[in-house]
Amino acid sequence: MNPARVVVTDAAAAVIERLRDQFGPLLFHHAGEGAQPMCYGAGEFRLGLADVRVGEIHGCPFYMAESHVADWQDLTIDVKPGRGPGFSLEVPLGLRFHLLVAEG
């Protein structure tokens, strides 16, 4: 249960900066296969007992459901136009974070 790394693209880093300027400290959570990473204000998301911190992206903690951590070695967070999950902070910008995964 040890991904090699969690990184962020330059485009996603720029959006994270914008969101951090507006909302303060942030937290990312990924529920697992088929889900998109969600961005919340720190303290605005209740982590579950099965969530583990797998790294940090652009100064923000990144959590994932423990059952999915062993499946992936490299995680890259990117951003693209489109409707993201309902409560993720990038939604009003017309963007969504997405996960690029190197299968291990």
Side-chain angles (χ1 to χ4, degrees):
M1 171 181 36
N2 187 15
R5 62 191 178 122
V6 182
V7 297
V8 63
T9 65
D10 291 342
V15 173
I16 291 169
E17 282 293 323
R18 184 173 174 187
L19 294 174
R20 190 176 9 235
D21 288 347
Q22 184 175 356
F23 298 103
L26 304 173
L27 167 141
F28 279 83
H29 182 266
H30 185 255
E33 188 175 330
Q36 295 175 257
M38 302 267 293
C39 178
Y40 301 97
E44 298 296 319
F45 180 76
R46 186 174 179 181
L47 294 166
L49 294 175
D51 293 324
V52 295
R53 184 174 176 155
V54 295
E56 190 173 284
I57 58 166
H58 206 61
C60 305
F62 186 89
Y63 293 86
M64 179 180 280
E66 183 176 27
S67 60
H68 294 280
V69 174
D71 297 334
W72 299 320
Q73 291 183 1
D74 295 322
L75 307 168
T76 301
I77 304 299
D78 198 7
V79 67
K80 63 183 177 181
R83 175 108 170 99
F87 297 109
S88 197
L89 294 177
E90 79 282 3
V91 169
L93 302 177
L95 300 169
R96 65 185 181 95
F97 288 109
H98 67 107
L99 189 63
L100 305 173
V101 179
E103 305 259 338

Closest heavy-atom pair, Ala31 versus Ala65, reported as atoms and distance to 0.1 Å, is O-CB, 3.3 Å
So which pairs with a foot in residues 18-29 pass salt bridge (Lys or Arg N to Asp or Glu O under 4.0 Å), sequence neighbours left out?
-> Glu17-Arg20
May I have the step-by-step check of side-chain contact (heavy atoms from CB on, under 4.5 Å) for Met64 and Leu75, ending in yes or no?
-> CA-CA 11 Å; Met64 179 180 280; Leu75 307 168; 3.8 Å; yes
Hey, are the side chains of Ile16 and Val79 touching, using non-hydrogen atoms and a 4.5 Å cut-off?
-> no
Output for pair (Leu27 CG, Arg53 CZ), nearest 0.5 Å, gives 8.5 Å
Quick one: CG on Leu47 to OH on Tyr63, what's the gap to the nearest 0.5 Å?
-> 5.5 Å
When rounded to the nearest 0.5 angstrom, what is the spacing between NE2 in His29 and CE in Met38?
-> 9.5 Å
4.5 Å side-chain heavy-atom contact, Gln22 and Leu89 = no
Please name all residues satisfying side chain to side chain contact (heavy atoms under 4.5 Å, CB included) with Ala42, sequence neighbours left out, ordered by chain then number.
-> Pro25
Spell out, yes or no, whether Val7 and Leu99 are grouped together once hydrophobic residues are joined by side-chain heavy atoms under 4.5 Å, including indirect joins.
-> no
Separation between SG of Cys39 and CZ of Phe62, rounded to the nearest 0.5 Å = 11.0 Å
Which value, rounded to the nearest 0.5 Å, describes the distance between Glu90 atom CD and Leu26 atom CG?
-> 10.5 Å
Assign the ring pair Phe97 / Phe28 to parallel, tilted or perpendicular, where the plane angle (0 to 90°) is split at 30° and 60°.
-> perpendicular
From Ile77 CD1 over to Gln36 CD, what is the distance, rounded to the nearest 0.5 angstrom?
-> 10.5 Å
Any donor-acceptor pair under 3.5 Å from Thr9 side chain to Ala12 backbone = yes
Arg96 and Arg83: side-chain contact (heavy atoms from CB on, under 4.5 Å), yes or no, with the steps?
-> CA-CA 6 Å; Arg96 65 185 181 95; Arg83 175 108 170 99; 5.9 Å; no
Is any side-chain heavy atom of Glu56 closer than 4.5 Å to a side-chain heavy atom of Val6?
-> no
